[in-house]
Amino acid sequence: MRSPSKLGRTNEATGQIVTIERDSPPRVLFSGEDLLVEDLPVGTKVIYPRPPVEGLPNVKSAIRWALNHPEGCDPLHAQLRPGMKVTIAVDDISLPLPPMRTPDVRQLVLEIVLELLADSGVDDVHLVVAIALHRRMTEAEIRRMVGPKVFEAFWPDRLYNHDAEDPDGLSLLGTTDHGEKVILNRRAAESDLVVYVNLNLVPMDGGHKSLGTGLTSYEGVKAHHEPHTIRKSWSYMDPPRSALHHSVDRIGRLVDEHVNVFHVETTINNRMFDGPLDFLMKREEDFVEMDRLKLEGMRAALRNLPRAAKRKMFQAVPAAYDVIAVHAGRTEPAHRRILEKSYQQYLVDVDFQADVLVYGIPYISPYNVNSILNPLLVQVMACGYFFNFYRGKPLVKQGGTLIVTHPCSDEFDPEHHPSYIEFFHRLLPETRDAVVLERKYEREFAENPAYVHMYRTGHAYHGAHPFFMWYWGENGRQHLGRIIAVGADNEHVPRLMGWESAGTLSEAIDMARSTHGRGAQIAMLHHPPIVMTQNPG
Amino acid sequence: MAEAGKGAFFDVDGTLVRTNIVHAFAWYAMNQGSIFGTAWHTARTLASVPLFWASDKVNRKAFNELFYGYYKGQSEDRLLVLAEELFEESLRPAIYPGAPRLLDEARRAGCRIVLCTGALDFTMRPLARHFGADDLIANRMHFVDGVATGRVVPPIVEGAHKALAIRDYCLREGLALDRSHAFSDSFSDYPMLAVVGHPTAVNPDLRLRNVARAYEWPIIHTTQG
């Protein structure tokens, strides 16, 4: 007869939660561009991503079906008339992560939509990359995203990045009943029809956030990217409980009163790794000899490479995502359909809250594609994105300890993140209080002519962006008691962020146990690929 | 208490316009009335270019003193007329495509726009007017009876004196130095950049690029629109 623990393991073999036993294999964690292999204490609950949802067998036909059977409005072809002015907005390079293999789903949607427009005699068409306050995408990045055919036909006069600082390129549509200014790209605001081509990576994306945030100005983003709204967002992945999304929805509804928006939403599964990295999609219990060989080979290669080379290597590997849903039509109903599919991919039910939560921070975030994950972005991943990967109750208790693995190197990209450098080294030594930072310094950075110039003519994030990054971690910081960085290569970066340092994971767990006791419940989120927990309580 | 204002101080040569004062001078020298006069000045100027270049690399102050000596004997009204022509012929086409946008961004940020240059004030006035600058800090030629003496009213605006001039200007105009911005392309303007709260290297030379990287100053380019 099998013992209860063996029976438990049989159940866990098909579930997404594995409890660490005495003879369990060590776990693989990302630590920037490195892979750590660490033993976790017995009793630790490791939460794994769901297996990838099966992709659509024919994405092009799914796109056509969605355009012809939209949610809450007439099909796209029925809304077109010759001579009308159309603007197509597309999500930028921050989605998905890592970038997907070509053809990008945006290319597929654009090719079909543009053909439809041409067939209907619509010639006045502009394609705008909805970068909001992100960096401008390079020519090569845009070409890769939209495909050579669209690129050759539209670049650069009718295919370009949105400019949130163009004094003549923005339009004030009005103010919501909560006082939020609704500012939109002028070309879009003056169009007869705006088609938004979106790619949802996580449930936070899409919906009204696409247009109302992607094509607005600093003032427009500021309406909800501020500390008080962030503190009331539980979590970003659960829009009904997110004050950020409430604000975004108010703005989007006002946009809908002025602009005819046809939303094309798509979402993908979580097949982030394949080929030589496919072992990262497996739980360690399921590793076969070949997986262990791949892991060791990868670690040996990473050990001997400089960091820049490791970064290049990882960023050169696009993800093998499959498109799992396409819906179109009015923003809200189309988005609802996409969210259902997204949750189906990511949510894992849990019935506990841990005292100590462990996760590795990988090499990438939405804001450093083809660049460096600088300390501020490490913070965003730890306290912002990963902490917010829950619905219902957070995976870690109020006052709990978060342990993250990352070298936290004091390294910034001066071309992409110039204002981050000043924020990190000039402001954080003075205060970490998001409200004080916002009041004293945000506008100074936002209006700094050098940063504005770099945003508009180079490839820099907007001067205010580091502030939004700091606010983004605000609900995590408010909730957590301690944050411990494992393997930091310096003392000052964790300290400036208000974190503690530990040399090894076991040392960090001992430190956490000194707060929560020997019986502390430890949990680990085993990502990437993305996993989110659902605990309705 | 109301917050003090802020300024944006721009070097000109290499920062906002492509030319430099050597070119401006050469243009002047070649507009000397008679054919022989023009030929003589042109030959003299061309012969002096290596000397200008060498002295500029070694010591900007010595360069300026040497350089302005060539204005000796020229009448003030003629120089003013030539300055307008200099702007139209030489300076306006040399404005970097990104310069007007940068100035506009500084203006939108609420900065008072001040050009701060080692060139002579009368040569820069049409450019300052064109850019809509609020003020101009530049060298002033010494005139006696309407004729240039070839000497510049001291102190010569260059290097450390640019920083002093900016500091005095802020004091006089009630601007906060620590809230102000400075933009330059050259390492010789390090003092001017260091004296304000927000220095920016623009199209920097190698030495300034290294300094900007070390001090984590933004590096921008006006050479593209």
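We name chains A, B, ... by the order of the sequence lines, and we start the count at 1 in each one.
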Polar pairs (donor with acceptor) under 3.5 Å from chain B to chain A:
from: Glu105(B); atom 1: OE1; to: His453(A); atom 2: ND1; distance (Å): 3.0
from: Glu105(B); atom 1: OE2; to: Arg456(A); atom 2: NH1; distance (Å): 3.2
from: Arg108(B); atom 1: NH1; to: Glu165(A); atom 2: OE1; distance (Å): 3.4
from: Arg108(B); atom 1: NH2; to: Glu165(A); atom 2: O; distance (Å): 2.9
from: His198(B); atom 1: NE2; to: Glu444(A); atom 2: OE2; distance (Å): 3.3
from: His221(B); atom 1: O; to: His453(A); atom 2: NE2; distance (Å): 3.0

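- Of the listed residues Pro167(A), Pro418(A), Gly458(A), the one with more heavy-atom pairs under 4.5 angstrom with chain B than any other is Pro167(A).
- With a 4.5 angstrom heavy-atom cutoff, Leu103(B) does not touch chain A via any of its atoms.
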